[in-house]
Amino acid sequence: MSYDLFLVLLGVYAIAYVAYFGLSARPSHSIYACLATWLFVPKQARAIYFSPDAPDWPDGTNLFTFVEAVAVLAVAVALIVRRVGAGEKSARLLRRAALFMVVVAALALALPMTFLAYDVPAGIGGLWRFLEGTVEPQYRLLPALQILYGFVLACAASSFIKTRRQVELIFTLFVASGVELTVEAIVFHHLKLVPSLQGWAVHQTGRFMSLTFSDYTIVGIVGIASICCSAYFIIARRIVWLIPLVPLLVLPIVDSYQRAPVTGAVLATVFLLWANMRPASRRLFGLVGIPVIVAILIFVNVREAVAPVEAALGGEVRPEYLGTSTLEHRRALFLRTLDVLIFAFPFGVGPGMVQHAMNYAIPETMVGYNSAESAGFYVAVVSGLRPTTSHNSYLEFLTSYGLAGMACVAYWVYVVGRNFRNWARRSRGPADLKDRRLVMAQACAFATLIGSGGAAFFDTYILPFYFYMMLTHITGLSRWPEPRPTVQVLA
């Protein structure tokens with residue numbers, strides 16, 4: 001196929017997609033299509049670049065980036081054409097939080113260019129000059145673009161996603177993604193079928209990363225979402241035949257050999273169990289269960305107790321599957337990220353720049369907090385011998401956007417905390433079947449946020465912000481709208 005024909009086909013695809021999902025179909029369908037694009041379009045499309053003169057241009061205008069942008073554009077068109085208001089206060093707060101993030105991202109992109117234009121001599125100016133000269137522009141633009149996408153989807157979700165059926169369709173997409181990942185894990189990781197594709201789905205270290213995501217951490221996070229959404233259909237809708245599916249949905253999480261998603265899955269499961277307890281049982285769990293768990297972790301040799309399980313899970317790929325040896329490496333990375341945060345405060349280093357700034361000659365402010373085990377790894381990161389990320393998504397965000405990023409996180413915590421308080425009050429009182437289903441749907445959304453948020457403490461991963469926007473919107477719903485009455489005309 002010629003390059004010109006390829007571009008023509010892409011143009012036809014974009015026009016047809018936006019015309020249908022943005023102008024013709026129901027507006028909620030544009031959201032489902034956008035989510036399905038991210039969940040099911042293979043990320044190997046990132047290897048297909050537009051420019052024949054620069055086939056190795058990193059993560060720029062490649063095929064998946066184009067397909068994702070078209071999907072978000074269709075959502076934006078549907079939103080502009082319909083002009084539906086946000087409605088509830090929680091939806092308005094969500095829109096403000098998303099808009100705040102867009103403004104912060106725009107400032108983070110504009111500040112370095114503005115300061116460098118005036119030739120800032122030292123300090124943060126030197127760091128920005130270093131980043132400007134060593135990092136290509138798309139590495140800054142793509143993380144900021146994801147925030148813009150999140151704003152579009154936040155506005156669309158708060159306008160178009162309001163009924164039980166719409167929420168259940170979103171949950172169905174997550175369950176279907178979990179099933180697809182499970183099939184991939186069995187075919188490529190366990191049975192080792194289709195050798196021509198196995199190299200794309202399984203990392204060279206033996207970790208399952210899937211054709212769809214090409215990232216073993218994101219495989220684990222989507223696995224958590226699929227389990228939580230399955231729990232909704234099992235508990236709220238009484239679809240009992242899904243029960244045997246749940247253990248299979250755990251398979252991609254385990255096969256990723258990542259402790260962060262495993263930790264997140266445990267946190268999500270504990271929350272779901274707690275959410276389905278009666279109020280008295282919840283208090284008992286808080287007063288007795290949590291202290292017992294803490295005591296076991298302190299006084300019992302948990303590592304020795306779980307050694308057989310660890311050996312079975314890790315195999316030859318990761319024998320210390322549940323070990324804590326890498327926590328000292330995490331400590332070194334956290335301290336170096338704090339060095340960058342303090343040095344670049346209050347501006348931040350800009351979106352996507354933390355891992356590059358960690359290797360710059362920034363004062364080692366936090367070096368004294370290293371342990372004997374973490375000191376060597378810290379030196380390797382500082383000297384540039386070990387390029388890596390912060391392995392903490394929260395530190396990554398705060399260091400990228402500085403003081404404004406902290407304000408973003410604080411406002412986001414307020415929105416989610418407000419939604420959780422309202423959910424907790426509603427879950428304690430008597431309710432009809434419709435309200436109980438809403439409470440359970442929100443519990444599953446909270447569980448997914450808790451699971452992915454717990455994993456984010458120990459790893460840096462790039463999830464589209466609209467993943468969080470839709471889940472946060474679901475947690476803020478106060479009721480299912482009543483169905484419109486049907487009017488029969490008698491002859």
Side-chain angles (χ1 to χ4, degrees), residues 1-55 57 59-84 98 102 138 141-142 144-163 165-177 179-180 197 200 210-214 218 222 462-467 469-470 473:
M1 180 185 297
S2 68
Y3 180 65
D4 292 338
L5 178 59
F6 178 62
L7 292 182
V8 170
L9 291 177
L10 288 178
V12 171
Y13 165 80
I15 294 171
Y17 186 101
V18 173
Y20 179 73
F21 287 106
L23 301 173
S24 178
R26 293 180 180 179
S28 58
H29 290 185
S30 63
I31 298 177
Y32 308 144
C34 183
L35 181 59
T37 296
W38 187 77
L39 288 174
F40 299 109
V41 173
K43 302 308 178 289
Q44 297 303 334
R46 292 188 184 278
I48 303 175
Y49 298 94
F50 288 166
S51 174
D53 301 321
W57 192 31
D59 282 343
T61 53
N62 53 53
L63 183 57
F64 179 78
T65 308
F66 175 81
V67 170
E68 184 181 39
V70 170
V72 177
L73 176 61
V75 177
V77 170
L79 189 63
I80 293 171
V81 171
R82 269 72 176 190
R83 295 185 179 180
V84 180
V102 171
Q138 59 268 26
L141 294 175
L142 287 177
L145 197 61
Q146 288 296 329
I147 292 180
L148 177 61
Y149 291 172
F151 170 69
V152 172
L153 267 293
C155 294
S158 60
S159 298
F160 306 139
I161 305 297
K162 298 180 180 180
T163 67
R165 181 176 176 81
Q166 291 172 330
V167 172
E168 288 180 352
L169 280 171
I170 291 174
F171 283 3
T172 301
L173 287 174
F174 281 116
V175 174
S177 179
V179 172
E180 188 271 335
L197 296 177
W200 296 93
S210 86
L211 292 174
T212 308
F213 297 111
S214 300
I218 295 181
V222 175
I462 301 176
L463 280 175
F465 277 88
Y466 45 81
F467 176 89
M469 297 298 176
M470 283 190 290
H473 168 65

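The basis for the numbers below is simple: all heavy atoms, side chains too, and nothing from hydrogens, waters or symmetry mates. Quick note: residue numbers are just sequence positions, from 1.
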[X]: side-chain contact (heavy atoms from CB on, under 4.5 Å) partners, not counting sequence neighbours:
| X | value |
| --- | --- |
| Leu23 | Val77, Val81 |
| Thr212 | Lys43, Glu180, Glu184, Ser210 |
| Tyr13 | Tyr17, Phe66, Val67, Val70 |
| Leu141 | Leu109 |

Is the centre of the Phe213 ring less than 6.0 Å from the centre of the Trp38 ring?
yes

Which heavy atom in [X] sits nearest to a heavy atom in [Y], and how many Å separate them?
| X | Y | result |
| --- | --- | --- |
| Ile147 | Val102 | CG2-N, 3.7 Å |
| Ala98 | Met469 | CB-CE, 3.7 Å |
| Ser159 | Leu79 | OG-CD1, 3.8 Å |
| Met470 | Ala157 | CG-CB, 4.2 Å |

Exercise answer: donor-acceptor pairs, residues 166-174 side-chain atoms, under 3.5 Å, sequence neighbours excluded:
{"residue": "Gln166", "atom": "OE1", "partner": "Lys162", "partner atom": "N", "Å": "2.6"}
{"residue": "Gln166", "atom": "OE1", "partner": "Thr163", "partner atom": "N", "Å": "3.1"}
{"residue": "Gln166", "atom": "OE1", "partner": "Thr163", "partner atom": "OG1", "Å": "3.3"}
{"residue": "Gln166", "atom": "NE2", "partner": "Phe160", "partner atom": "O", "Å": "2.8"}
{"residue": "Glu168", "atom": "OE1", "partner": "Arg164", "partner atom": "NH1", "Å": "3.1"}
{"residue": "Glu168", "atom": "OE1", "partner": "Arg237", "partner atom": "NH1", "Å": "2.8"}
{"residue": "Glu168", "atom": "OE2", "partner": "Arg164", "partner atom": "NH1", "Å": "3.1"}
{"residue": "Glu168", "atom": "OE2", "partner": "Tyr232", "partner atom": "OH", "Å": "2.6"}
{"residue": "Glu168", "atom": "OE2", "partner": "Arg237", "partner atom": "NH1", "Å": "2.8"}
{"residue": "Thr172", "atom": "OG1", "partner": "Glu168", "partner atom": "O", "Å": "2.7"}

Can you list, pair by pair, the side-chain donor-acceptor contacts under 3.5 Å of residues 26-37, counting residues two or more places apart and other chains?
{"residue": "Ser30", "atom": "OG", "partner": "Pro27", "partner atom": "O", "Å": "2.5"}
{"residue": "Thr37", "atom": "OG1", "partner": "Ala33", "partner atom": "O", "Å": "2.8"}

Look up atom [atom1] in [X] and atom [atom2] in [Y], then write down how far apart they are to the nearest 0.5 Å.
| X | Y | atom1 | atom2 | answer |
| --- | --- | --- | --- | --- |
| Leu145 | Thr65 | CG | OG1 | 8.5 Å |
| His473 | Cys155 | NE2 | SG | 11.5 Å |
| Leu153 | Ile161 | CG | CD1 | 9.5 Å |

Worked verdict on Leu63 versus Leu10 for side-chain contact (heavy atoms from CB on, under 4.5 Å)
CA-CA 9 Å; Leu63 183 57; Leu10 288 178; 3.6 Å; yes

